[in-house]
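Here is the structure we will look at, set down as structure tokens.
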Amino acid sequence: MIEVKSLKKSFKHFEVLNGLNLKVEQGEIYGFIGKNGAGKSTTMNILAGLSKPTSGICLVGNDDVTNIIQPSDLDLGYLPEDPRFYPWLSAYETLVYLGDCGTHKIKPARVHEILEWGGLDKDKDRRVGTFSRGMKQRLGICSAILHDPSLLILDEPSSALDPQGRNDVLQLIKGLKDMGKTVLFSSHILNDVERVCDKIGIIASGKMVLEKSMKDLEESHFQSLYDVVFEDKVTEAAMNCINSSERVLGVEINNQAMVIKMEDGHASVRSLMQTIIDNDLKIVEFSRRKRTLEDIFIKEVQGL
Ligand SMILES: Nc1ncnc2c1ncn2[C@@H]1O[C@H](COP(=O)(O)OP(=O)(O)O)[C@@H](O)[C@H]1O
Ligand SMILES: [Mg+2]
């Protein structure tokens with residue numbers, strides 16, 4: 001759906017993108033993450049046809065974005081980082097107005113359908129100037145899907161919102177996937193990305209430093225660490241037994257508390273439990289410590 005290769009973009013002498021590669025498959029929710037100023041909006045503006053790259057390949061669907069005449073030639077909906085609306089128009093009037101702007105006019109029934117989908121049907125006649133940030137953001141997503149595009153590019157859709165507002169927006173993004181849409185969205189709230197994405201891409205120093213499906217990331221980066229606290233001090237014999245048991249990769253001990261590094265998979269937990277039972281050790285606490293996307297992000301962009 002999106003294929004970006006060796007993308008470069010400079011503003012005068014300032015190089016923001018320095019050979020970025022990015023690939024989004026059809027039907028995927030892709031989380032584009034990076035520090036402030038990393039170049040996320042710059043990339044998304046190029047993909048939406050709003051800005052020209054300095055060099056590189058940038059394909060969206062069947063179109064090469066460098067060859068389009070105007071942004072509306074692309075089959076995509078775009079939500080800018082800070083969407084602005086006419087404050088004196090109602091939500092309904094806003095969508096009718098935007099629906100009249102394209103070559104393909106939008107019918108009132110479609111506007112009602114979209115407002116209901118965005119949870120704004122009760123507020124459709126309220127002036128947008130009185131809307132909360134979360135409502136404006138949902139109206140922005142409604143505007144982006146009004147013309148029923150296959151791809152949505154959403155620039156920080158949830159970042160400036162409170163937890164309820166963020167949750168509403170994330171639910172809409174999941175809803176877009178259920179409709180069969182492809183979504184590329186940027187965020188620096190990694191917890192949000194983890195909640196909805198199929199794939200992530202981390203941009204740093206103008207390049208993609210890590211691009212992986214969440215499934216592959218779990219296998220390669222989220223190794224299993226277990227915190228186990230025993231009732232009594234563990235004997236050296238028992239400790240050796242745990243250390244040499246099947247699927248255990250390493251053990252650290254601090255009095256009764258142990259951190260055990262395991263191979264992934266449920267079978268490994270079962271064999272660890274069996275070793276503990278065989279050694280007649282009494283457990284006070286047993287929990288899995290999971291690495292978060294935040295840990296991975298910090299590791300990948302550290303020192304860059
Ligand atoms: N039109 C512009 N002219 C000059 N510099 C720009 C322009 N747009 C963005 N930049 C710079 O490019 C860098 C990347 O910006 P941006 O793509 O907005 O980052 P992000 O969205 O990841 O926070 C920043 O240092 C920003 O100041
Ligand atoms: Mg940005």
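First listed ligand is number 1; within each ligand, the first listed atom is number 1.
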Practice prompt. Would you check if Ile203 and Leu17 make a side-chain contact, meaning some heavy-atom pair closer than 4.5 Å?
Written response: yes
Item to complete: Output the list of atoms in ligand 1 that are nearer than 4.0 Å to some heavy atom of Asn36, sorted by atom number.
Response: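 In order of number, 23 (O).
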Discussion item. Using a 4.0 Å cutoff against the non-hydrogen atoms of Thr42, which atoms of ligand 1 qualify?
Written reply: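 Reading through ligand 1 atom by atom, the close ones are 14 (C), 15 (O), 16 (P), 17 (O).
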Tell me: protein heavy atom nearest [atom], and distance?
atom: atom 12 (O) of ligand 1; value: Val16 CG2, 3.2 Å
atom: atom 14 (C) of ligand 1; value: Gly37 O, 3.3 Å
atom: atom 9 (C) of ligand 1; value: Phe11 CE1, 3.5 Å

Check this for me - ligand 1, [X], N or O atoms closer than 3.5 angstrom, yes or no?
X: Ser41; result: yes
X: Gly39; result: yes
X: Phe14; result: no

Worksheet item: Once the angle between the rings of Tyr86 and Tyr97 is folded into 0 to 90°, is it parallel (under 30°), tilted (30 to 60°) or perpendicular (over 60°)?
Response: perpendicular
Worksheet item: Would a 4.0 Å cut-off, counted as strictly less than, catch a protein heavy atom around atom 26 (C) of ligand 1?
Response: no
Discussion item. Please give me the minimum heavy-atom distance between Asn279 and Cys241, naming the atom from each residue.
Written reply: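 Shortest heavy-atom contact: ND2-SG, 3.5 Å.
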Worksheet, complete the sentence: Residues Cys142 and Gly118: closest non-hydrogen pair is SG-CA, 3.8 Å
Fill in: Pair Asp82 + Arg84, salt bridge at N-O below 4.0 Å
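Salt bridge present between Asp82 and Arg84.
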Worksheet item: Is there a donor-acceptor pair under 3.5 Å between the side chain of Asp216 and the backbone N or O of Lys212?
Response: no
Worksheet item: Below 2.8 Å, any N, O or S contact between Ser41 and the Mg ion (ligand 2)?
Response: yes
Practice prompt. Could you tell me which residues satisfy side-chain contact (heavy atoms from CB on, under 4.5 Å) with Glu15, sequence neighbours excluded, listed by chain and number?
Written response: Lys8, Ser10, Asn18
Worksheet entry | Lys35 contact mode with ligand 1 (heavy-atom cut-off under 4.0 Å) |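 It is the backbone that gets close, since no side chain atom is under 4.0 Å.
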Worksheet item: Below 6.0 angstrom between ring centroids: does that apply to Phe185 and Phe32?
Response: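 No: the rings miss the under 6.0 Å criterion.
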